[in-house]
Number of protein chains: 2
Amino acid sequence: MTTIKDIASHAKVSVATVSYVLNNTRYVSPEKKERILQAIRELDYVPNAVARGLRVRRSQTLSLVVADITNPFYPDIAKACEEAAQEAGYLVNIINTNEDGQRLADALRLLREGKTDGMIITTALEKDRTVLQELKDYALPVVFAHRELPGLDMDSVVSDNFNGAVAATNHLLGLGHRKVAFMGGVEGSEITRLRREGYVFAMRQAGFAIEPEWLISGEARYEPSYLATRTLMELEASKRPTAIININDVGAIGVIDAAYDLRLRVPDDLAVVGFDDLFIANSRQIQLTTVRIPRYELGKRATLILLEKLKKPDREVDVKPTNRIVLPVELIVRRTCGGRGA
Amino acid sequence: MTTIKDIASHAKVSVATVSYVLNNTRYVSPEKKERILQAIRELDYVPNAVARGLRVRRSQTLSLVVADITNPFYPDIAKACEEAAQEAGYLVNIINTNEDGQRLADALRLLREGKTDGMIITTALEKDRTVLQELKDYALPVVFAHRELPGLDMDSVVSDNFNGAVAATNHLLGLGHRKVAFMGGVEGSEITRLRREGYVFAMRQAGFAIEPEWLISGEARYEPSYLATRTLMELEASKRPTAIININDVGAIGVIDAAYDLRLRVPDDLAVVGFDDLFIANSRQIQLTTVRIPRYELGKRATLILLEKLKKPDREVDVKPTNRIVLPVELIVRRTCGGRGA
DNA sequence: CTGAAAGCGCTAACAA
DNA sequence: TTGTTAGCGCTTTCAG
């Protein structure tokens, strides 16, 4: 392995000088510079980033913590995050927690271990409050994206979940539906809470009652949503919903498939709306009406805020006010609710 | 920031002793051990992984290089990779290259910079041969997964692309199709080459001619595949294919959507088969017949081989024979070709 | 059984 | 304009 020392002796200069040309951190005479560059090429030298990191206490690495990389929602956030980070000379590493609190805790430790300089967290759940609170206590450079924890008061960028749900519900109501069910996601998620509230608000405002059975969980996944739909469809006729709002598109596809298996036509017998607007929602065979979540934007903004924090000297971090950005969402009307998209 | 020195002085022992209990690397008397553990708790000490890494020249990090994290193919590989790595005490960071040779080169540098201990590469393309060849020259610990470079002779785990294509083609032929087109993926990909060969082989063996126009590229993406399908459908009737094999499921959905827009019924007017067997291929609305690629297995095996390499002392690496594992694939018959899945 | 100290590869203060 | 050197936080050899 060749080190800075090898380059120094090969070019007949001090290691300091090599370091200076490597980092362009002070003037070095053209002749020496050339000799150094030459030596670097000849010996095919690559500086050791770990040693450098130890010295300057920075890793030039950002981490993105996601609950499930397999969920098509996250890759777009990841991409945005990478693009913004790359621009600033950071590498981003994606960490998958599988919604597991222990793995989240492990990920967070990377910050204190010095392996990563900042973190974007998309996995905040109520059950993780304790460990997340520590981030705040230590004033570690993190920003929450998509999910957040109410009352924690840390930088975050989320989407307008409440109004998204209101829009979805009103759309259904406008189409004449009265019996609309709301299929939530993981428990302890502020997202589910807000969207459910939006749904309840819209129903109430329109003067329609909500049967308790209509508030059900599809876990934001295909299979549970499929099953929950069957449960819903077994309700007595007067309570059986004619429309279902699912917390995300993947779950909504579970709803659609359950309808298919039950010989129910979508949207005639059952209307469905999702959240996210994944690629697949737009395929001709699916044409899912959904609330588009600006996930690229979510990732981008979160990363930019994080980068901003990392620029400031430590002192200012505490002084600066907390950012909380709420991005607007948009109802994309397609075919699964009938109406003008049909 | 609290360091090992703080713990040592707080517990009134030497830093060496602290290190020994931290790593469980030699006997320490119970009293001292307890004092040290106590100090660690009291000061809430977390060892600096960068300093440790510099000293032991290991980062306990693996990297997975993917071409496009947004493609639902990769997250499954990532998950497998993470699970295997985690088991062995490694963290994995996913690096997205966007199929960009420069970003691949940057990623590979991490190995020599000491930021990562080993790498799983899923982005090998002909154009990257030079930079990939260097990995071999330096005997760096990498393994190729999914994609490989012929003649490079490095560890790799791939799927049986040739036979998958043969199976897909024969299935179509068995259903009575004679005019089947093959829509390839990115250029310079060994995967495309092998599958195309499998297709050609099966067609030849059955004694059917292949029109040059039938070998077209859909770039393994939705939009280009959509467009390519329209091109194909504009051929004069005698050449117009009645079936299309797409290099992947995402592209196959583009084919299906194009057919829909052209008022062609799938499978009656046009049969389509994909590769991958993504989650969405199984939804009721799509029911795509496809060649299942064992991507979880791909990621798992590749990671295990990599881990194995990392266990050996450097010397043995060169001596050990190259692994090349070819995993079997399976044709999943559903609805888009008609026949028994219809 | 434990500690002192060298040193991993690099940066940057200080000196010249 | 350049070099010497301390030291980042840790592991591990060597001596005791």
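Within every chain, numbering begins at 1; the chains are lettered A, B, ... in the order of the sequence lines, protein sequences first and strands thereafter.
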### Query
For the side chain to side chain contact (heavy atoms under 4.5 Å, CB included) test, which of Val28(B), Thr3(B), Ile4(B) pairs with Val18(B)?
Ile4(B)

### Query
Given dT12(D), is OP1 or OP2 found less than 4.0 Å from the side-chain N or O atoms of Ser19(B)?
no

### Summary
Whole-Å distance, Asn23(B) CG to dT12(D) P, equals 7 Å

### Message
Can you confirm whether the side chains of Ser63(A) and Lys115(A) place a donor and an acceptor under 3.5 Å from each other?
### Response
no

### Summary
Comparing nearest nucleotides in DNA chain D, the 5'-proximal residue of the pair Thr17(B), Ala51(B) is Ala51(B)

### Message
Nearest to the side chain of Thr3(B), heavy atoms from C-beta on, is which of dG9(C), dT1(D), dG9(D)?
### Response
dG9(D)

### Task
Scan Val28(B) against the nucleic acid and name what it touches under 4.0 Å (heavy atoms): base, sugar-phosphate only, or nothing.
sugar-phosphate

### Message
Based on the rotation axes of five pairs at each end, what angle does the helix from dC1(C)-dG16(D) to dA16(C)-dT1(D) bend through, to 10°?
### Response
40°

### Message
Quick check on dC8(D): is either OP1 or OP2 less than 4.0 Å from any side-chain nitrogen or oxygen of Asn48(B)?
### Response
no

### Query
Starting at CD1 of Ile4(A) and ending at C1' of dG7(C), how long is that distance when rounded to a whole Å?
16 Å

### Query
Does the side chain of Asp117(A) come under 3.5 Å of the side chain of Ser59(A) through a donor N or O and an acceptor N or O?
yes

### Any Lys5(A) side-chain N or O less than 4.0 Å from OP1/OP2 of dG9(C)
no

#### Entry: Side-chain-base donor-acceptor pair under 3.5 Å for Arg26(A) and dT1(D)
no

### Query
Does Glu187(A) come within less than 4.0 Å of Lys127(A), counting only side-chain N to carboxylate O?
no

### Message
Judged by each residue's nearest nucleotide on DNA chain C, which is more toward the 5′ side, Leu54(B) or Glu31(B)?
### Response
Glu31(B)

### Message
Just by distance, no angles: are the side chains of Asn23(A) and Arg52(A) close enough, under 3.5 Å, to form a donor-acceptor pair?
### Response
yes

### Task
Considering just the side-chain nitrogens and oxygens of Arg57(A), establish if one lies under 4.0 Å of OP1 or OP2 belonging to dG9(D).
yes

### Task
Please state whether the phosphate of dC10(D), meaning OP1 or OP2, lies under 4.0 angstrom from any side-chain nitrogen or oxygen of Tyr20(B).
no

### Task
Give a yes/no on whether any side-chain N or O of Arg52(A) is located under 4.0 angstrom from OP1 or OP2 of dT11(C).
yes

### Salt-bridge contact Arg41(A)-Glu34(A) (side-chain N to carboxylate O under 4.0 Å)
yes

